[in-house]
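Just below is one structure, and these are the notes that go with it.
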Amino acid sequence: MNDINEYSRVDKYKKRRKNTKALSILLVIGIILLVVLICIWIFGRDDEVLDDKGSAQNSAVTGKYDEAADEHNEESSDNGISSDMAMDEPDEKEEIEDNESVEIEPIESSDGDNVVKAYTGNWQPIGTEQEEPHTVVFDTASQDWREMEEAIRYATKLTEDQMITHWIGNDGEQKVKATVSNREQTEIYCVYLSWIKHEGWKPIKVEILNEVDVEY
(Lines give C-alpha, C1' and ligand atoms only; values in the text may rest on other atoms or scores of the structure.)
Protein backbone atom coordinates (compact mmCIF):
# COMPACT_ATOMS: atom_id res chain seq x y z
CA MET A 1 0.00 0.00 0.00
CA ASN A 2 2.77 2.39 0.80
CA ASP A 3 4.43 1.53 -2.52
CA ILE A 4 1.27 2.47 -4.42
CA ASN A 5 0.98 5.83 -2.68
CA GLU A 6 4.62 6.53 -3.32
CA TYR A 7 4.18 5.81 -7.04
CA SER A 8 1.15 8.07 -7.23
CA ARG A 9 3.07 10.97 -5.68
CA VAL A 10 5.98 10.51 -8.10
CA ASP A 11 3.62 10.34 -11.06
CA LYS A 12 1.83 13.52 -9.99
CA TYR A 13 5.17 15.26 -9.53
CA LYS A 14 6.30 14.27 -13.04
CA LYS A 15 3.03 15.50 -14.55
CA ARG A 16 3.35 18.81 -12.66
CA ARG A 17 6.91 19.25 -13.96
CA LYS A 18 5.80 18.57 -17.55
CA ASN A 19 2.98 21.13 -17.29
CA THR A 20 5.33 23.72 -15.77
CA LYS A 21 7.89 23.15 -18.50
CA ALA A 22 5.21 23.48 -21.23
CA LEU A 23 3.95 26.74 -19.72
CA SER A 24 7.50 28.07 -19.53
CA ILE A 25 8.08 27.28 -23.21
CA LEU A 26 4.80 28.94 -24.23
CA LEU A 27 5.66 31.98 -22.12
CA VAL A 28 9.10 32.32 -23.76
CA ILE A 29 7.56 31.99 -27.24
CA GLY A 30 4.97 34.64 -26.37
CA ILE A 31 7.67 37.02 -25.11
CA ILE A 32 9.72 36.51 -28.31
CA LEU A 33 6.68 37.18 -30.50
CA LEU A 34 5.88 40.31 -28.49
CA VAL A 35 9.46 41.59 -28.87
CA VAL A 36 9.35 40.93 -32.65
CA LEU A 37 6.05 42.81 -33.02
CA ILE A 38 7.38 45.77 -31.02
CA CYS A 39 10.53 45.90 -33.20
CA ILE A 40 8.49 45.77 -36.39
CA TRP A 41 6.26 48.59 -35.15
CA ILE A 42 9.20 50.77 -34.07
CA PHE A 43 11.27 50.28 -37.22
CA GLY A 44 8.21 50.62 -39.43
CA ARG A 45 7.49 54.07 -37.98
CA ASP A 46 11.14 55.07 -38.47
CA ASP A 47 10.90 54.13 -42.15
CA GLU A 48 7.72 56.20 -42.51
CA VAL A 49 9.43 59.19 -40.93
CA LEU A 50 12.41 58.79 -43.25
CA ASP A 51 10.11 58.51 -46.27
CA ASP A 52 8.24 61.63 -45.22
CA LYS A 53 11.50 63.53 -44.77
CA GLY A 54 12.76 62.32 -48.15
CA SER A 55 9.53 63.34 -49.84
CA ALA A 56 9.66 66.73 -48.18
CA GLN A 57 13.25 67.25 -49.34
CA ASN A 58 12.38 66.19 -52.89
CA SER A 59 9.40 68.53 -52.87
CA ALA A 60 11.62 71.37 -51.67
CA VAL A 61 14.18 70.72 -54.43
CA THR A 62 11.45 70.43 -57.08
CA GLY A 63 9.85 73.61 -55.83
CA LYS A 64 13.15 75.50 -56.10
CA TYR A 65 13.66 74.16 -59.62
CA ASP A 66 10.14 75.19 -60.67
CA GLU A 67 10.63 78.65 -59.15
CA ALA A 68 13.88 79.09 -61.08
CA ALA A 69 12.19 77.98 -64.31
CA ASP A 70 9.28 80.38 -63.70
CA GLU A 71 11.69 83.26 -63.05
CA HIS A 72 13.52 82.49 -66.29
CA ASN A 73 10.25 82.40 -68.24
CA GLU A 74 9.13 85.68 -66.66
CA GLU A 75 12.43 87.33 -67.61
CA SER A 76 12.05 86.09 -71.18
CA SER A 77 8.47 87.37 -71.25
CA ASP A 78 9.52 90.76 -69.85
CA ASN A 79 12.11 91.06 -72.60
CA GLY A 80 9.38 90.38 -75.17
CA ILE A 81 11.04 87.21 -76.51
CA SER A 82 9.54 83.74 -76.41
CA SER A 83 11.42 80.56 -77.28
CA ASP A 84 9.49 80.27 -80.56
CA MET A 85 10.26 83.87 -81.47
CA ALA A 86 13.91 83.39 -80.60
CA MET A 87 14.08 80.44 -83.01
CA ASP A 88 12.23 82.23 -85.80
CA GLU A 89 13.94 85.59 -85.50
CA PRO A 90 17.27 84.76 -87.21
CA ASP A 91 15.48 83.47 -90.35
CA GLU A 92 13.36 86.63 -90.60
CA LYS A 93 16.41 88.86 -90.15
CA GLU A 94 18.35 86.85 -92.69
CA GLU A 95 15.55 87.19 -95.23
CA ILE A 96 15.27 90.96 -94.65
CA GLU A 97 19.03 91.44 -94.87
CA ASP A 98 19.16 89.47 -98.13
CA ASN A 99 16.42 91.68 -99.57
CA GLU A 100 17.90 94.94 -98.31
CA SER A 101 21.40 94.06 -99.50
CA VAL A 102 20.31 93.72 -103.14
CA GLU A 103 22.12 96.26 -105.33
CA ILE A 104 19.79 97.91 -107.84
CA GLU A 105 20.99 99.12 -111.24
CA PRO A 106 18.71 101.26 -113.47
CA ILE A 107 18.35 100.09 -117.06
CA GLU A 108 16.56 101.31 -120.17
CA SER A 109 13.25 99.77 -121.15
CA SER A 110 11.61 99.71 -124.58
CA ASP A 111 8.15 98.71 -123.38
CA GLY A 112 6.47 102.03 -124.12
CA ASP A 113 5.10 104.98 -122.19
CA ASN A 114 3.59 102.85 -119.44
CA VAL A 115 7.01 102.13 -117.95
CA VAL A 116 8.16 104.77 -115.46
CA LYS A 117 11.55 103.19 -114.92
CA ALA A 118 13.22 99.78 -115.04
CA TYR A 119 16.01 98.20 -113.05
CA THR A 120 17.84 94.96 -112.45
CA GLY A 121 19.53 93.68 -109.30
CA ASN A 122 21.81 90.98 -107.93
CA TRP A 123 18.87 88.86 -106.79
CA GLN A 124 19.45 85.20 -105.96
CA PRO A 125 17.17 82.24 -106.79
CA ILE A 126 14.64 81.81 -103.99
CA GLY A 127 15.03 78.04 -103.69
CA THR A 128 12.45 75.41 -104.57
CA GLU A 129 10.64 72.32 -103.34
CA GLN A 130 10.13 71.10 -106.92
CA GLU A 131 12.06 68.38 -108.71
CA GLU A 132 13.71 68.43 -112.11
CA PRO A 133 12.86 68.50 -114.93
CA HIS A 134 10.86 71.61 -114.14
CA THR A 135 7.66 72.49 -115.99
CA VAL A 136 6.10 75.93 -115.67
CA VAL A 137 2.58 75.60 -114.25
CA PHE A 138 0.16 78.53 -114.53
CA ASP A 139 -2.26 77.21 -111.91
CA THR A 140 -2.95 79.43 -108.90
CA ALA A 141 -3.16 76.37 -106.62
CA SER A 142 0.20 74.92 -107.73
CA GLN A 143 3.54 74.95 -105.93
CA ASP A 144 5.08 76.57 -109.00
CA TRP A 145 2.66 79.51 -108.82
CA ARG A 146 3.35 80.00 -105.09
CA GLU A 147 7.10 80.05 -105.72
CA MET A 148 6.69 82.53 -108.60
CA GLU A 149 4.75 84.88 -106.30
CA GLU A 150 7.44 84.48 -103.64
CA ALA A 151 10.12 85.53 -106.15
CA ILE A 152 7.98 88.50 -107.20
CA ARG A 153 7.64 89.67 -103.58
CA TYR A 154 11.40 89.26 -103.17
CA ALA A 155 12.02 91.59 -106.14
CA THR A 156 9.35 94.20 -105.33
CA LYS A 157 9.51 94.07 -101.50
CA LEU A 158 5.71 93.78 -101.37
CA THR A 159 4.39 91.61 -98.53
CA GLU A 160 2.02 88.70 -99.09
CA ASP A 161 -1.00 90.54 -97.66
CA GLN A 162 -0.17 93.68 -99.67
CA MET A 163 0.41 92.17 -103.09
CA ILE A 164 -2.25 91.66 -105.76
CA THR A 165 -1.27 89.39 -108.66
CA HIS A 166 -2.99 90.70 -111.78
CA TRP A 167 -1.35 88.40 -114.29
CA ILE A 168 1.46 85.86 -114.72
CA GLY A 169 2.29 84.56 -118.20
CA ASN A 170 4.91 82.89 -120.35
CA ASP A 171 7.92 84.95 -121.45
CA GLY A 172 10.00 82.23 -123.10
CA GLU A 173 11.47 78.88 -122.15
CA GLN A 174 11.52 78.56 -118.33
CA LYS A 175 10.75 82.29 -118.09
CA VAL A 176 7.68 84.21 -116.94
CA LYS A 177 6.45 87.78 -116.79
CA ALA A 178 4.03 89.08 -114.15
CA THR A 179 2.02 92.22 -113.42
CA VAL A 180 1.43 92.92 -109.71
CA SER A 181 0.59 95.85 -107.47
CA ASN A 182 -0.13 96.83 -103.90
CA ARG A 183 -3.78 96.82 -102.81
CA GLU A 184 -4.20 100.55 -103.45
CA GLN A 185 -2.60 100.13 -106.90
CA THR A 186 -0.31 103.04 -106.17
CA GLU A 187 2.70 100.77 -106.75
CA ILE A 188 2.48 98.76 -109.98
CA TYR A 189 5.23 96.42 -111.18
CA CYS A 190 6.03 94.20 -114.12
CA VAL A 191 8.45 91.52 -112.93
CA TYR A 192 10.51 89.17 -115.11
CA LEU A 193 11.58 85.79 -113.69
CA SER A 194 13.85 83.03 -114.95
CA TRP A 195 14.01 79.43 -113.68
CA ILE A 196 17.42 78.32 -112.40
CA LYS A 197 17.82 74.54 -112.41
CA HIS A 198 17.60 73.02 -108.90
CA GLU A 199 17.55 76.55 -107.39
CA GLY A 200 14.15 77.94 -108.30
CA TRP A 201 12.84 81.19 -109.68
CA LYS A 202 15.19 84.18 -109.91
CA PRO A 203 14.08 87.79 -110.56
CA ILE A 204 15.78 89.21 -113.66
CA LYS A 205 14.20 92.62 -114.19
CA VAL A 206 11.58 94.88 -112.63
CA GLU A 207 9.63 97.67 -114.33
CA ILE A 208 7.60 100.28 -112.48
CA LEU A 209 4.39 101.01 -114.39
CA ASN A 210 1.99 103.93 -114.59
CA GLU A 211 -1.04 101.66 -114.64
CA VAL A 212 -1.93 98.00 -114.53
CA ASP A 213 -1.08 96.42 -117.87
CA VAL A 214 -2.62 92.94 -118.07
CA GLU A 215 -1.71 90.68 -120.99
CA TYR A 216 -3.73 87.62 -121.99
Side-chain angles (χ1 to χ4, degrees), residues 1-101 124-132 134 137 139-151 153-154 157-163 196-201:
M1 188 70 177
N2 288 333
D3 291 338
I4 294 173
N5 291 334
E6 184 65 26
Y7 177 78
S8 298
R9 284 196 299 269
V10 172
D11 187 50
K12 290 179 181 179
Y13 177 74
K14 287 182 179 181
K15 287 182 180 180
R16 192 179 298 117
R17 284 191 63 188
K18 287 182 180 179
N19 292 336
T20 302
K21 187 176 181 179
L23 289 173
S24 299
I25 292 172
L26 291 174
L27 182 61
V28 170
I29 292 172
I31 292 172
I32 292 172
L33 289 175
L34 181 61
V35 170
V36 170
L37 291 173
I38 291 172
C39 291
I40 292 173
W41 183 75
I42 292 173
F43 288 113
R45 287 186 59 84
D46 290 342
D47 290 340
E48 290 178 3
V49 171
L50 288 174
D51 289 342
D52 292 341
K53 288 182 178 179
S55 299
Q57 290 175 352
N58 290 336
S59 299
V61 171
T62 304
K64 289 180 180 179
Y65 176 81
D66 291 341
E67 288 177 4
D70 291 341
E71 288 177 1
H72 175 74
N73 291 336
E74 287 177 2
E75 289 176 1
S76 299
S77 178
D78 292 339
N79 291 331
I81 301 174
S82 67
S83 58
D84 292 336
M85 291 174 65
M87 292 176 64
D88 293 338
E89 190 174 0
D91 292 336
E92 294 175 358
K93 286 184 177 179
E94 194 174 320
E95 183 178 344
I96 292 171
E97 287 172 0
D98 287 344
N99 200 315
E100 294 296 336
S101 63
Q124 300 300 313
I126 62 165
T128 182
E129 296 180 6
Q130 302 180 72
E131 298 180 354
E132 297 293 343
H134 172 260
V137 180
D139 181 350
T140 57
S142 68
Q143 179 66 29
D144 202 37
W145 185 278
R146 287 192 291 271
E147 291 182 3
M148 285 189 282
E149 288 191 322
E150 183 180 349
R153 291 193 297 271
Y154 171 43
K157 300 182 181 179
L158 292 172
T159 62
E160 186 174 0
D161 61 330
Q162 287 177 335
M163 190 177 80
I196 307 300
K197 194 172 183 180
H198 299 297
E199 297 184 38
W201 289 106

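Partners of Thr159 according to the side-chain hydrogen bond (donor to acceptor under 3.5 Å, both in side chains) rule, which considers only residues two or more places apart in sequence or in another chain, are Asp161, Gln162. Judged as a side chain to side chain contact (heavy atoms under 4.5 Å, CB included), and not counting sequence neighbours, the contacts of Glu132 are His134, Trp195, Lys197, His198. Every side chain to side chain contact (heavy atoms under 4.5 Å, CB included) that Ile38 has, sequence neighbours left out, goes to Leu34, Ile42. Every side chain to side chain contact (heavy atoms under 4.5 Å, CB included) that Val36 has, sequence neighbours left out, goes to Ile32, Ile40. Residues satisfying the side-chain hydrogen bond (donor to acceptor under 3.5 Å, both in side chains) test with Gln130, not counting sequence neighbours, are Asp144, Glu147. Taking the side chain to side chain contact (heavy atoms under 4.5 Å, CB included) definition, one finds that Ile31 meets it with Leu27, Val35, sequence neighbours left out.
Annotation: side chain of Asp139 is not in contact with side chain of Trp145 (no heavy-atom distance under 4.5 Å).
Across every non-hydrogen atom of Pro125 and Gly200, the tightest pair is CB-O, 4.0 Å. Of all the heavy atoms in Glu129 and Gln143, the pair that sits closest is OE1-NE2, 3.8 Å.
One distance of note links CZ of Arg146 with OG1 of Thr140; it measures 9.5 Å at 0.5 Å rounding. Note that CD of Glu149 is 8.0 Å distant from CD of Glu160, once rounded to the nearest 0.5 Å.
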